[in-house]
S.K.: 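Just dropping this structure here.
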Amino acid sequence: MTQGGATPHLVEVIGAVVERFGDRLLVEPTADLEGLTYAGAWRWADQAAAGLMRVGAGPGDRLVVRAPKSIESLIAYLACLKVGAIWTPVAPGATSAEFGHVIGDAEPRVVLDGHRSVCDVVGGAPAGPDGSVDPPRPAGTTPGPERIAAMLYTSGTTGRPKGVPISGGALAANAAALVDAWGFTERDVLVHALPTHHAHGLFVALGCALTTGASMRWFDRFDATTVVEALPGASAFMGVPTHYVRLLGQPRFNRAACRTMRLLTSGSAPLSAVGFRRIADRTGIEVVERYGMTETLMLTSNPLAGPRKPGSVGLPLPGVELRLGALDGVAPAEADDTPVDDAGPVGMVEVRGAAVFEHYWGRTAAPADWARPDRPGEPAWFRTGDLGRLDSDGYLHLVGRAKDLIISGGLNVYPAEVEAVLERHPDVEEVAVIGLSDDQWGQRVTAVAVRSATMDTGTSDAELAERLVDAARSDLSAYKVPRRVHVVDSLPRNTMGKVDKAELRRTFGGG
């Protein structure tokens, strides 16, 4: 539950990388961007840090930023680390109400709203390698690993978003675990097309580059055509399942485009086993799926050298302890003994480790979020809200969020299990399974499906629904079979690419 330990603060790790690899390109040049070396970025960040201090930012102050992804916002982030302020990003598309909630909760000293606001503070890049800038010297800038470096707000699908303070030691420890697990070095070239207002793009992708001296091909947004064109000559790409769906729609996303690629990762939302196999068939590369959350950073990953299991999020990363805890007061062994492959019974995923947060901003630790340790003096276990199974090799298989568990006729139905069966059907692109209120069964299993682009256009929605129900009956117990199937053009998603099941329940169930 404690963060940091002996690990240095992230800003110290990046500083050491700059000293070693200062002449290497942090950002490769493109038609829209000039190249930027590590040393050049670090000098620019010194200049930007002075700008932040002029507008009142200091150690421990929250810096709330609502701005598009850009080189300037990257420099502002590095500057914030140098000053010792707390980087608090908000989605560029956040509404005034959402933005106002974060400002009211975080009580920032400085707010940067929009690209122009970021540029005004950051200024232009120092000219040339000899364009030195005197680094800022705010009081107390020698950071301990426990000093908070960033604060991200949860997606708020179960209530108002809450701030998650993340220490510099936690960020450094998590980056080190990922670099080791995924074999990152200064020779890597990462295609970075993720947004940088949440952990995937900011801490996972950017963290792997900044702490190793790797270069990036930097794009302000994901575009499938642009990304495919950027893959040749690169070595790594990190995306969400929606990105891979769009890449598979590009004929040039193939083995030739991925000839130099050694790593494709997927996260922020579950990647279906069907999607995993389709990507492997097209590119010759098996995606490395991993699992984490804002409150814990990254927790597990399929191995780089070893079996990558479709539908699994892999093994615990170094420094992470993981167990399956009681589910609604029922011991994991009694929760459900229905096997999926060789995976065991379902339980609540509980974790602890150097990167696990201590409590939400401005709030004490809520008892419902934590499980007591087995022995006095040990850290408590954070209850993630995710349900999962462990197979005989120790790989974690997620079956859904606890809030999405369907109880039909008194029996547990795990959406991921039903989704995996339906997504194998060639007539669908993707499926989400939800529980809707039912007077007889308590909840009825309901599927929401997106047609495959290759499906016969003469097939009606009713015919597709019937085919999916028939497929479910052949592979699932009767109580798990969807009682209704809705066909839609696309599934609603939040800013992290996760399917918004609350929105589906509102749309099809009235609540």
Side-chain angles (χ1 to χ4, degrees), residues 155 157-158 241-242 245 269-275 311 327-328 335-336 338-340 346 385-389 397-494 497-511:
S155 58
T157 55
T158 57
T242 304
V245 169
L271 177 68
S272 70
V274 173
L327 175 60
D328 294 331
D336 189 341
T338 305
V340 175
V346 169
D386 289 315
L387 305 180
R389 290 184 168 102
H397 300 252
L398 297 176
V399 298
R401 295 286 291 171
K403 62 185 178 63
D404 293 328
L405 173 67
I406 302 167
I407 303 177
S408 183
L411 299 172
N412 291 348
V413 179
Y414 302 101
E417 182 182 1
V418 184
E419 290 163 354
V421 170
L422 298 181
E423 285 178 342
R424 292 200 295 264
H425 198 284
D427 289 341
V428 298
E429 190 70 54
E430 54 183 346
V431 178
V433 172
I434 57 176
L436 298 179
S437 179
D438 186 278
D439 291 339
Q440 180 178 359
W441 301 99
Q443 286 182 299
R444 64 176 181 272
V445 181
T446 304
V448 185
V450 177
R451 287 170 171 264
S452 168
T454 60
M455 180 182 171
D456 182 0
T457 56
T459 303
S460 69
D461 290 353
E463 289 173 317
L464 176 57
E466 186 176 352
R467 292 176 188 178
L468 293 179
V469 171
D470 287 343
R473 286 196 182 110
S474 65
D475 286 352
L476 296 170
S477 300
Y479 70 93
K480 300 177 184 178
V481 174
R483 298 180 179 275
R484 182 165 298 177
V485 176
H486 299 277
V487 180
V488 297
D489 294 331
S490 63
L491 298 176
R493 298 181 185 275
N494 64 18
K498 296 180 181 178
V499 174
D500 190 341
K501 291 192 173 182
E503 177 64 25
L504 290 178
R505 286 190 286 267
R506 286 190 292 268
T507 299
F508 298 105

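In this text the structure is predicted, and so the values were computed from the model without any measurement.
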S.K.: Hey, are Arg505 and Asp404 close enough for a salt bridge, meaning a charged N less than 4.0 Å from a carboxylate O?
M.R.: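 The answer is yes: the pair qualifies as a salt bridge.
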S.K.: Decide if atom CD of Glu466 counts as having more than 12 heavy atoms of other residues, nucleotides or ligands within a radius under 6.0 Å.
M.R.: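 Check fails, neighbour count at 12 or below.
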S.K.: With a 4.5 Å heavy-atom cut-off, do Thr454 and Pro426 have their side chains touching?
M.R.: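 The answer is no, as the side chains (C-beta and beyond) never meet within the 4.5 Å cut-off.
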S.K.: How long is the gap from CG on Asn412 to OH on Tyr479, to the nearest 0.5 Å?
M.R.: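 If we round to the nearest 0.5 Å, Asn412:CG and Tyr479:OH are 7.5 Å apart.
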S.K.: Just how far is it from atom CZ of Arg484 to atom CG of Asp438, taken to the nearest 0.5 Å?
M.R.: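 The distance works out to 9.0 Å.
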S.K.: Going from CG on Leu476 to CG on Leu422, what distance comes out if it is rounded to the nearest 0.5 angstrom?
M.R.: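 If I round to the nearest 0.5 Å, the distance is 7.0 Å.
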S.K.: Using the rule given for salt bridge (charged side-chain N to carboxylate O under 4.0 Å, His left out), can you reason through Lys498 versus Glu503, listing the C-alpha separation, both sets of side-chain angles and the distance that settles it, and then say yes or no?
M.R.: CA-CA 12 Å; Lys498 296 180 181 178; Glu503 177 64 25; over 6 Å; no
S.K.: Any sub-3.5 Å donor-acceptor pair from Glu423's side-chain atoms to Val274's backbone N or O?
M.R.: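 It does not hold such a pair.
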S.K.: Do Ser408 and Arg444 have side-chain N/O donor and acceptor atoms under 3.5 Å apart?
M.R.: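 On atom types as modelled, these side chains do not qualify, holding no pair under 3.5 Å.
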S.K.: Is the Lys NZ or Arg CZ of Arg389 less than 6.0 Å from the centre of Tyr414's six-membered ring, within 45° of the axis?
M.R.: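 Because its charged atom sits under 6.0 Å from the ring centre and within 45° of the axis, Arg389 does stack over Tyr414.
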S.K.: Take Glu430 and Arg493, measure what salt bridge (charged side-chain N to carboxylate O under 4.0 Å, His left out) needs, and give me the verdict at the end.
M.R.: CA-CA 13 Å; Glu430 54 183 346; Arg493 298 181 185 275; 2.4 Å; yes
S.K.: Considering only NZ, NE, NH1 and NH2 on the basic side and carboxylate oxygens on the acidic side, decide whether Arg451 and Asp489 come within less than 4.0 Å.
M.R.: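 The answer is no: the pair does not qualify as a salt bridge.
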S.K.: List the atom of Val445, the atom of Lys480, and the distance in Å for their closest heavy-atom pair.
M.R.: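 Minimum heavy-atom contact is CG1-O, 3.7 Å.
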S.K.: How far does CD of Glu463 sit from CE of Met455, to the nearest 0.5 angstrom?
M.R.: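 Rounded to the nearest 0.5 Å, the CD-CE separation comes out at 7.5 Å.
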S.K.: Output the distance between atom CG (Asp470) and atom CG (Leu468), rounded to the nearest 0.5 Å.
M.R.: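 Here the rounded value is 9.0 Å.
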